[in-house]
Participant: 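Okay, here's the structure, questions in a sec.
Proteins come first, then strands; the chains are lettered A, B, ... in the order of their sequence lines, and each starts at number 1.
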Amino acid sequence: MVQEVNSLSIGKQTKKLQDEFPDAYAELFEKKEEIKTFPPLPDAEHGKVVTRFPPEPNGFPHIGHAKALFINYEYAKMYSGKFILRFDDTNPAAEKLEYYDAFSKGLEWLGIKPDTVKKTSDDMEIFYDYAKKLIKAGYLYVCQCDPETVKQNRGLAKECGHRNIPAEDALQRWERMFSEFEEGDAIVRFKGDMVAANTVMRDPTMFRIVDAEHPLKGTKYRVWPTYDFVAPIEDSKDGVTHALRAKEYELRDDLYYRMLEAAKLRKPKLVEFSRLSLRGTPVSKRKIKPLVEQGLVDGWSDPRLPTLLGLRRRGILPEAIKEFVTSLGVSKSESEPTWDLLEAVNRKLVDPIAKRYFFVPDPVPLEVVDAPALQLKLKLHPDKNLGERNVATGKEFLISAKDVEALKEGDTVRLMELFNIKISRKNGEVTGKFAGMEVTASSKKIQWVTKDSMPFTVKIPGPLYIDEVYNKDSLQIVKGLAESACKSLPIGEIIQFIRFGFCRVDAPQVCILAHK
RNA sequence: GCUCCGGUGGUGUAGCCCGGUUAAGCAUUUCGGCCUUUCGAGCCGAAGAUCGCGGGUUCAAAUCCCGCCCGGAGCACCA
């Protein structure tokens, strides 16, 4: 018995085990599936955790947002808590209507359903109330220095005269900000500590006058709060228990808590994590925008970009983004993960659902002089039941120049899923002879198409930067022939061109290579 | 420059807070082998880190302490 089993190959042993003793198989192989989760959150109580994702609607969401998104969302889920999507839209000069929508769509695509969706600009009256309260209590003051002086004094750790104006007077100046003052004439500052080592605390700006039209509020308001005023109040009032934000906010923790103390509000827990950067890929809007504007990429959905739109167009599944981002964890250490990490995750997800087709780049004619004419049905997936396609073959084929290069006269190769051929002549074109149907142990297999094929273009996205230098060859175009069954491929379908890679159909007869 | 935060194999991460059978786990990558629709997946195996550097505490340190070096972020009337 033992001998009998051992005579089988490992693969067959495994198969036999799976077929005949499914329980044992499951125990051996399935249970080691690992569920990746985040480390426990400090002071988190099951059922009571509330997190939030507060994007500013001033650009398209990208993978960096996805990181913040999933960290907050997954923690809320992990503790059966709540997750809030909050648009931090208090800079009317920057916000645009289309971006609110872009974020909502992005979340939807990623499969994230917020328990609450809100806009910070809806709470303006609340902010005004707090402003008045805090001015009265002496925590805030109206500063009428010009912007340059403010900056200078901060550098010099110097207080200005407005700081000590009595509250009643300051309150009147606050009212004047709504009417007579012009943009730049006056701001509201938090009384921090002008000699603090952390310059964030040197009386940061809490309100300023912005006359730009707000996409949602129009010209209803012109005294707008800044992030530093809004974030702690919103988080606290919304019941956020854990505010998980990127590391660049770390220096503002102090201010965040001082604000809440001043306003006598509950303090959420702050947790920071490192920003995501992808090797060879600009992630921030600041870096992507010039590329779009200079036409160096095909808009915000260019597959070389880490925008959600770009990722999707490239054939990266939302689930892959989630797993990738989750694997990065919440650590504060800076790292520069590479695309192949994301691709590896995506490949695992896409492999079982991608239909297989033949694609021949740089086709070279092949004639098999004594080939039998065949009418066959080929499976669309080696082991999943995804249907089949019909192919009729004769004597004429096309194979890729690269495969031809590797062939010598006299070699035997197998036309994949078809039969073996022996190369009899090779000179620009290739001539061969039928060499049997059976699969021989070590035969090389190459993909092929018949004359009944169609031109197909594959775009291959690569890194936009190599060692910080713009890579002008970041997008390669490969032209070739795809088998006729590809005619009916819907846009958006993710397929695998055998021995070429996984691709997402981008347009009729055009696809984008996601990865090998 | 100042302030803060980081520094574990090529890459990402676990471990560090509560120092000891693990002198470093997992994933990715690369390379072999198996599997006969694959330069893919899966399976098996291998390669690869003395845990930034130098001191110290201790019987014992990636884990605690000190100094240094390197990297990142912030220093907006942006978020």
Side-chain angles (χ1 to χ4, degrees), chain A residues 9-15 29 32 34 36 39 54-59 88-91 93-95 120 143 145-148 150-151 154-155 157 183-189 196-202 204-210 223-224 226-228 230-231 245-254 272 274-275 277 279 285-286 323-324 326-329 331-345 347-348 350-352 354 356 358 378-384 402 414 416-418 439-447 496-502 515-516:
Chain A
S9 67
I10 294 285
K12 281 187 179 137
Q13 285 182 27
T14 311
K15 181 85 170 66
F29 297 101
K32 71 179 188 186
E34 174 193 339
K36 172 81 189 172
E56 179 183 17
N58 70 342
D88 260 349
D89 53 349
T90 56
N91 181 4
E95 315 343 347
T120 303
C143 175
C145 297
D146 60 280
E148 198 43 46
V150 170
K151 196 183 160 85
R154 256 210 280 265
E183 250 181 65
D185 281 356
I187 55 174
V188 174
R189 296 226 253 165
N198 178 2
T199 47
V200 167
M201 296 309 295
R202 323 248 258 227
T205 306
M206 299 312 233
F207 285 89
R208 78 291 204 196
I209 299 170
V210 185
V223 177
W224 289 91
T226 60
Y227 173 86
D228 287 319
V230 143
R245 28 143 74 160
K247 223 175 130 188
E248 68 256 32
Y249 293 106
E250 221 170 2
L251 271 339
R252 325 196 81 80
D253 287 7
D254 192 9
E272 274 95 12
S274 65
R275 264 190 123 138
S277 50
R279 173 98 43 95
K285 189 193 69 174
R286 206 188 80 246
E323 280 184 30
F324 168 70
T326 307
S327 77
L328 264 27
S331 97
K332 287 203 275 191
S333 63
E334 303 109 25
S335 60
E336 206 176 42
T338 46
W339 278 91
D340 57 347
L341 238 34
L342 213 203
E343 289 171 359
V345 176
R347 183 152 45 226
K348 287 196 178 80
V350 133
D351 181 73
R356 316 293 152 119
F358 287 151
L378 301 182
K379 288 195 292 179
L380 285 168
H381 194 284
D383 30 64
K384 298 278 181 285
K402 202 176 155 204
R414 182 170 182 82
M416 204 179 274
E417 298 260 342
L418 234 204
V439 185
T440 48
S442 60
S443 65
K444 272 207 163 64
K445 287 164 241 159
I446 61 173
Q447 79 276 26
Q496 188 198 50
F497 277 146
I498 290 179
R499 292 219 303 145
F500 191 87
F502 292 94
H515 45 71
K516 287 223 180 167

Participant: Using a cut-off of 4.0 Å on non-hydrogen atoms, how would the nucleic acid contact of A:D351 be classed: base, sugar-phosphate, or nothing?
Facilitator: base

Participant: Say you pick atom P in B:C17 and the same atom in B:G6; how far apart are they, in whole Å?
Facilitator: 14 Å

Participant: In whole angstrom, give me the gap between the P atoms of B:A47 and B:G55.
Facilitator: 31 Å

Participant: Looking only at the side chain of A:R208 (C-beta and beyond, no hydrogens), which of the listed nucleotides B:U36, B:A79, B:G40 gets closest?
Facilitator: B:A79

Participant: What is the distance from CD of A:E336 to C1' of B:U28, rounded to the nearest Å?
Facilitator: 16 Å

Participant: Any side-chain N or O of A:R279 below 4.0 angstrom from OP1/OP2 of B:U29?
Facilitator: no

Participant: Can you label the angle between the A:F502 ring and the A:H515 ring as parallel, tilted or perpendicular, going by 30° and 60°?
Facilitator: tilted

Participant: Salt bridge between A:D340 and A:R279, side-chain N to carboxylate O under 4.0 Å?
Facilitator: no

Participant: Between B:C4 atom C1' and A:R252 atom CZ, what is the distance in whole Å?
Facilitator: 13 Å

Participant: Which one, B:A76, B:C75, B:C4, comes nearest to the side chain of A:T199?
Facilitator: B:C75

Participant: If you check every side-chain atom of A:T90, which of B:U3, B:G6, B:A79 has the closest atom?
Facilitator: B:A79

Participant: Distance check needed: B:U13 P versus A:E323 CD, whole Å only.
Facilitator: 17 Å

Participant: Would you mind telling me which of B:C78, B:U29, B:A14 lies closest to the side-chain atoms of A:S331?
Facilitator: B:A14

Participant: Looking only at the side chain of A:N91 (C-beta and beyond, no hydrogens), which of the listed nucleotides B:C78, B:U3, B:U11 gets closest?
Facilitator: B:C78

Participant: Any side-chain N or O of A:R347 less than 4.0 Å from the OP1 or OP2 oxygen of B:U29?
Facilitator: yes

Participant: Please state the C1' separation for the pair B:A24 and B:U8 - nearest whole angstrom.
Facilitator: 9 Å

Participant: Please determine if a side-chain N or O atom of A:K348 lies less than 4.0 Å away from the OP1 or OP2 oxygen of B:U28.
Facilitator: yes

Participant: When the distance from CG of A:L342 to P of B:U13 is rounded to whole Å, what number comes out?
Facilitator: 14 Å

Participant: Can you check whether A:I446 reaches A:K402 side chain to side chain, under 4.5 Å on heavy atoms?
Facilitator: no

Participant: Taking the P atom in each of B:C44 and B:C53, what is the distance between them to the nearest angstrom?
Facilitator: 34 Å

Participant: Distance check, P atoms only: B:A49 and B:C43, in whole angstrom units.
Facilitator: 25 Å

Participant: Is there side-chain contact between A:R252 and A:D228, with heavy atoms separated by less than 4.5 Å?
Facilitator: yes

Participant: Can you tell me whether the side chain of A:E334 and the base of B:G71 have a donor-acceptor pair closer than 3.5 Å?
Facilitator: yes

Participant: Report the nucleotide, chosen from B:G12, B:C78, B:U3, that has the shortest atom-to-atom distance to any side-chain atom of A:L251.
Facilitator: B:U3

Participant: Hey, could you give me the CD/CZ distance between A:Q447 and A:F497, rounded to the nearest 0.5 Å?
Facilitator: 10.0 Å

Participant: Please report the distance separating the C1' of B:G52 from the corresponding atom of B:C70, rounded so that it comes out in whole Å.
Facilitator: 7 Å

Participant: Heavy atoms from C-beta onward define the side chain here; which of B:A76, B:G6, B:U3 lies closest to that of A:N198?
Facilitator: B:U3

Participant: For B:A61 versus B:C39, give the span between their P atoms, rounded off to a whole number of Å.
Facilitator: 49 Å

Participant: When rounded to the nearest Å, what value does the distance between P atoms of B:G67 and B:U29 take?
Facilitator: 42 Å

Participant: Over how many whole Å does the gap from A:Y249 atom OH to B:A79 atom P extend?
Facilitator: 9 Å

Participant: Measure from the side-chain heavy atoms of A:K247 and tell me the nearest of B:U29, B:G6, B:C77.
Facilitator: B:G6

Participant: With rounding to the nearest 0.5 angstrom, report the CH2 to CG distance, A:W224 to A:D89.
Facilitator: 6.5 Å

Participant: What is the separation between atom CE on A:M201 and atom C1' on B:G74, rounded to the nearest whole Å?
Facilitator: 14 Å

